Amino acid sequence: MPEHPPPIARLRSLRSVTLRTTRCDDSAGFYNEVWGLRPVERDWGAVWLRGTGQEHHVLQLQQAEQNALGKVVFSVATPAEIDEAARRLDAHGVALVTEPGKLDQVGGGYGLRFGDPEGRLIELTANVEAVVPDDPDGHPAVPRKLAHVVLNTADIDNTCEFYTRVLGMRVSDWSEHQMAFLRCNADHHVIAFNQAPFPSVNHVAYEMPSIDHFMRGIGRLRHHGITPLWGPGRHGPGNNTFSYFADPGGLVCEYTSEVEQVVEDAWLCRVWRRTPELSDLWGTAGPPSKDVRAHMAGVPDPGYTAWWQG
């Protein structure tokens, strides 16, 4: 049996996510004025926002006719790795959406783009414009980075196989055969896939510096009259705190903190039972309601080919 080609690159981190939303302006106001991100640039029908960490931006919002994923962006170390990734994608039989080169977009950098088996646009980047971190452990209860993206998939086995074989990610844990948690660095997961009837955005999580920042962030949202869809609580897989909210466009956003750190050579992947006491170790949140499940189900995402202009 022939061996698979090696993974295309060594992913360093989850850099940013682009969300397509029916209410871009309202959502931009929410993520800035309530959620705690800071706009770095605006254009017609689009806004880019950053946390307090080192990334140029962690979230891009695009005005669209329906909610969908725009792209998921991972970082690699050098442009040379981008070029090598293009060669390895070809060996895997994965077509490029854009060839390696300088990126004509906010934040710049050098990168390439390709699609996954369900039409999600993936971007690998290096040399993105540097920014000075805004005291990421400071007093304000605002996110410092993008923690993870959870996506619904119609075929969890095929999707996980692609992300492990082609992108070199590792499965940290399973929640039965319903959800898989994947990592590319020491964080327990930077992306997760949830088995569902169709591909869609489940939620996007933002890391708070500590559990105190996490709770004070929830308090700020309550001050604005916004209560959690689910939470606060602490998950079993990943051991991270959680509190889920809906943005003005109906997309789910999460505050989280204290995500488990994986020691690569010592970690053992386990399969968690899907029970209320394991989905919330604290027992404070209860099981997710029909409302939060409906928000996380989202709407069918046709993939980047439905809107990508090149």
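In this text the structure is predicted, and so the values were computed from the model without any measurement.
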Contact summary for W307 and G70, nearest pair of heavy atoms: CZ2-O, 3.2 Å

Derivation and outcome, side-chain contact (heavy atoms from CB on, under 4.5 Å), residues E99 and L112: CA-CA 5 Å; E99 297 282 341; L112 59 74; over 6 Å; no

For a quick test of your reading: what N or O donor-acceptor pairs under 3.5 Å do the side chains of residues 298-306 make, sequence neighbours left out?
residue : atom : partner : partner atom : Å
D301    : OD1  : G303    : N            : 2.9
D301    : OD2  : L69     : N            : 2.9

Flag, side chain of T256 to backbone of E207, donor-acceptor distance under 3.5 Å: no

Transitive ILVMFWY cluster of W272, excluding itself - 4.5 Å side-chain cut-off: L278, L281

Name of the residue among Q60, Q62, E65 meeting side chain to side chain donor-acceptor pair (under 3.5 Å) with R20: Q62

Any side-chain heavy-atom pair of F74 and T125 under 4.5 Å: no

Joint cluster assignment, V204 & V58, ILVMFWY side-chain distance < 4.5 Å: yes

No-hydrogen, no-angle side-chain donor-acceptor test under 3.5 Å, N240 and H148: no

Rounded distance [0.5 Å steps], CD in Q63 versus CG in L61: 10.0 Å

Residue from Y244, F245, Y255 passing ring-ring contact (aromatic ring centres under 6.0 Å, His included) with H203: Y244

Test item: T159 and R120 side chains (from C-beta on) under 4.5 Å apart, heavy atoms: yes

Side chain proximity check, S16 to E55, heavy atoms < 4.5 angstrom: no

Chi angles and distances behind the side chain to side chain donor-acceptor pair (under 3.5 Å) call for Q66, T22: CA-CA 5 Å; Q66 72 165 67; T22 58; over 6 Å; no

Plane angle bin for F242 and W230 - parallel if under 30°, tilted between 30 and 60°, otherwise perpendicular: tilted

Atom pair CG (D137) and OG1 (T52), whose distance is rounded to the nearest 0.5 Å: 7.5 Å

Heavy-atom neighbours of Q54 CD exceed 12 at 6.0 Å: no

Which atom of A9 lies closest to which atom of V76, heavy atoms considered: CB-CG1, 3.9 Å

Note, R113 side chain near K71 side chain (heavy atom, < 4.5 Å): yes

Any side-chain heavy-atom pair of E123 and Q105 under 4.5 Å: yes

Side-chain (S75) to main-chain (S13) donor-acceptor, under 3.5 angstrom: yes

Polar contact flag, side-chain donor to acceptor under 3.5 angstrom, E176-Q195: no

Joint hydrophobic cluster, L89 plus V97, side-chain heavy atoms closer than 4.5 Å: no

Stepwise side-chain contact (heavy atoms from CB on, under 4.5 Å) test for L14 and V72: CA-CA 8 Å; L14 173 65; V72 179; 3.6 Å; yes

Heavy-atom side-chain contact between H295 and V252 under 4.5 Å: yes

Residues V201, N67; criterion side-chain contact (heavy atoms from CB on, under 4.5 Å); working and verdict: CA-CA 8 Å; V201 177; N67 290 346; over 6 Å; no

Spacing of M296 atom CE and N152 atom CG [to the nearest 0.5 Å]: 9.5 Å

Nearest heavy-atom neighbours spanning T21 and G249: OG1-CA, 4.0 Å

Co-membership, hydrophobic cluster, residues M215 and I226, 4.5 Å side-chain: yes

Separation of L151 CG from S200 OG (nearest 0.5 Å): 8.0 Å

Linked, directly or transitively: F193 and F181 (ILVMFWY side chains, under 4.5 Å): no

Contact list for residues 279-295, test salt bridge (charged side-chain N to carboxylate O under 4.0 Å, His left out), sequence neighbours left out: none

Non-hydrogen side-chain atoms of L59 and V17 separated by less than 4.5 Å: yes

Heavy-atom pair of closest approach, residues A46 and W48: CB-CH2, 3.8 Å

Smallest separation among heavy atoms of P136 and P209, with atom names: O-CG, 3.1 Å

From C24 atom SG to L19 atom CG, the distance as rounded to the nearest 0.5 Å: 10.0 Å

Backbone N/O of P100 and side chain of D83: donor-acceptor pair under 3.5 Å: no

Residue pairs fulfilling salt bridge (charged side-chain N to carboxylate O under 4.0 Å, His left out) with at least one residue in residues 214-243, sequence neighbours excluded: D212-R216, R234-E258

Evaluation steps, side-chain contact (heavy atoms from CB on, under 4.5 Å), between I8 and F114: CA-CA 12 Å; I8 62 172; F114 59 94; 3.9 Å; yes

Distance, nearest 0.5 Å, that separates CG of D25 from CZ of R23: 10.0 Å

Least distance between heavy atoms, A28 atom then V47 atom: CB-CG1, 3.5 Å

Check: H235 side chain, S279 main-chain N or O, donor-acceptor pair, under 3.5 Å: yes

Identify every side-chain donor-acceptor pair in residues 30-44 under 3.5 Å, counting partners at least two apart or on other chains, and give the distances.
residue : atom : partner : partner atom : Å
Y31     : OH   : D247    : OD2          : 2.8
N32     : ND2  : L37     : O            : 3.0
R38     : NH2  : D134    : OD2          : 2.8

Single-linkage hydrophobic cluster, 4.5 Å side-chain cutoff, V149 and V292 together: no

Contact check, side chains of S257 and T241, non-hydrogen atoms, under 4.5 Å: yes

Sidechain-backbone polar pair: D187 side chain, V190 backbone, donor-acceptor under 3.5 Å: no

Report all side-chain donor-acceptor pairs from residues 163-175 shorter than 3.5 Å, counting only partners two or more places apart or in another chain.
residue : atom : partner : partner atom : Å
Y163    : OH   : D116    : OD2          : 2.7
T164    : OG1  : C160    : O            : 2.8
T164    : OG1  : E161    : O            : 3.2
R165    : NE   : E161    : OE1          : 3.4
R165    : NE   : E161    : OE2          : 2.5
R165    : NH1  : H92     : ND1          : 3.0
R165    : NH2  : E161    : OE1          : 3.4
R170    : NE   : E264    : OE2          : 3.3
R170    : NH1  : G168    : O            : 3.3
R170    : NH2  : E264    : OE1          : 3.3
S172    : OG   : R183    : NH1          : 3.0
S172    : OG   : H188    : O            : 2.6
D173    : OD1  : R270    : N            : 2.9
D173    : OD2  : H188    : NE2          : 2.6
S175    : OG   : R274    : NH1          : 2.8

Donor-acceptor contact below 3.5 Å, side chain N185 vs main chain R12: yes

